[in-house]
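Below is one structure; the comments refer to it alone.
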Amino acid sequence: MEIEKVAKLIIKNFPRDHKEKDPFKVLITTVLSQRSKDENTEIAAENLFNKYKTPFELSKAKEKDIYELIKPAGLYRQKAKRIIEISKIIVEKYSGIVPDSLEELLKLPGVGRKTANIVLYVSFSKPALAVDTHVHRISNRLGWVNTKTPEETEFKLMEILPKNLWGPINGSMVEFGKKVCKPVSPNCKICPISKYCKWEGKR
DNA sequence: AAAACGGGGGC
DNA sequence: GCCCCAGTTTT
């Protein structure tokens with residue numbers, strides 16, 4: 001199947017390694033990463049975990065206590081509120097253990113399909129597709145799907161991609177999307193999978 | 001379906 | 001000055 005071959009090429013050429021596996025840290029970092037660039041997310045996460053290391057500690061913090069720490073990631077008032085609420089729920093309802101099911105993760109404030117699936121893959125090594133704007137755009141450009149919404153793309157991709165590629169393709173598509181297959185003026189000249197691409201706008 | 005949330009960096 | 005960024009929730 002050609003799709004599988006191309007997916008593996010993307011994964012090989014645009015690796016994204018997740019050093020941190022701790023479910024709580026991955027969960028909080030991923031919430032911080034929403035609509036934020038990686039560099040700023042990392043600064044915010046480092047600031048935060050430097051002071052609050054566990055859900056137990058963070059659940060006792062006040063929102064205003066962490067504004068300055070997470071400000072680099074943006075949307076900081078919302079995120080502060082949600083992060084502390086998440087910590088309280090993890091402590092009170094789950095005894096400090098982050099749940100490992102999509103259904104339970106989606107109940108947490110500020111956790112949608114993308115965030116939940118990233119946690120499932122990165123921390124729990126489960127097959128999970130996090131379809132963000134990059135994955136959505138690139139899947140359509142390649143001609144793998146013909147969809148309007150990311151959720152539609154998610155279900156289509158689950159049909160055409162083998163499960164063992166669900167996790168790895170997420171991060172690799174993001175890197176691919178940032179470096180080469182950009183939203184505007186993509187760099188098709190240096191694209192390693194250009195010959196498999198059906199996008200009409202390609203140059 | 002659209003608005004709101006937001007600092008930081010690229011242009 | 002304007003626009004975007006591993007989105008989600010509220011209106």
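Letters A, B, ... are given to chains in the order of the sequence lines, protein chains preceding strands, and every chain is numbered from 1.
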Exceeds 12 heavy-atom contacts within 6.0 angstrom, atom NZ of A:Lys12:
no
Between [X] and [N], is there a side-chain N or O to OP1/OP2 distance below 4.0 Å?
X: A:Lys114; N: C:dT8; result: yes
X: A:Arg77; N: B:dG6; result: yes
X: A:Lys178; N: C:dA6; result: yes
X: A:Tyr76; N: B:dG6; result: no
X: A:Ser36; N: B:dG8; result: no

Assess whether side-chain contact (heavy atoms from CB on, under 4.5 Å) is satisfied between A:Leu32 and A:Ile83, documenting all intermediate values.
CA-CA 9 Å; A:Leu32 285 174; A:Ile83 283 169; 3.5 Å; yes
Counting heavy atoms from C-beta on, name the nucleotide in [options] closest to the side chain of [X].
X: A:Thr133; options: B:dC5, C:dG7, C:dC4; result: C:dG7
X: A:Gln34; options: C:dG7, C:dA6, C:dT9; result: C:dG7
X: A:Leu75; options: C:dT8, B:dG8, B:dC5; result: B:dC5

When the P atoms of B:dA3 and C:dA6 are compared, how many Å lie between them, rounded to an integer?
23 Å
Taking atom P in both B:dG6 and C:dT11, what distance in whole Å separates the two?
15 Å
Pairwise side-chain contact, A:Leu48 with A:Lys79, heavy-atom cut-off 4.5 Å (strictly under)
no
Can you tell me the distance, in whole Å, between the [atom1] atom of [X] and the [atom2] atom of [N]?
X: A:Ile83; N: C:dT9; atom1: CD1; atom2: P; answer: 13 Å
X: A:Asn47; N: B:dG7; atom1: CG; atom2: P; answer: 15 Å
X: A:Asp17; N: C:dA6; atom1: CG; atom2: C1'; answer: 15 Å
X: A:Arg35; N: B:dG8; atom1: CZ; atom2: P; answer: 17 Å
X: A:Arg82; N: B:dG6; atom1: CZ; atom2: C1'; answer: 13 Å
X: A:Glu42; N: C:dC5; atom1: CD; atom2: P; answer: 18 Å
X: A:Asp132; N: C:dA6; atom1: CG; atom2: P; answer: 7 Å
X: A:Asn40; N: C:dA6; atom1: CG; atom2: P; answer: 10 Å

Decide yes or no on side-chain contact (heavy atoms from CB on, under 4.5 Å) for A:Arg141 and A:Arg137, but give the supporting numbers first.
CA-CA 6 Å; A:Arg141 272 185 188 170; A:Arg137 178 185 69 255; 3.6 Å; yes
Can A:Lys25 be said to sit on top of A:Phe49's aromatic six-ring, NZ or CZ under 6.0 Å from centre and within 45° of the ring axis?
yes
Answer with base, sugar-phosphate or nothing: what part of the nucleic acid does [X] contact at a heavy-atom distance below 4.0 Å?
X: A:His18; answer: base
X: A:Leu106; answer: nothing
X: A:Val135; answer: nothing
X: A:Thr41; answer: nothing

What about A:Arg16, does its side chain sit under 3.5 Å from the base of C:dA6 through a donor-acceptor pair?
yes
Could you check whether the rings of A:Phe14 and A:Phe176 sit parallel, tilted or perpendicular, using 30° and 60° as the cut-offs?
tilted
So which one's nearest nucleotide on DNA chain C is more toward 5', A:Lys37 or A:Thr115?
A:Lys37
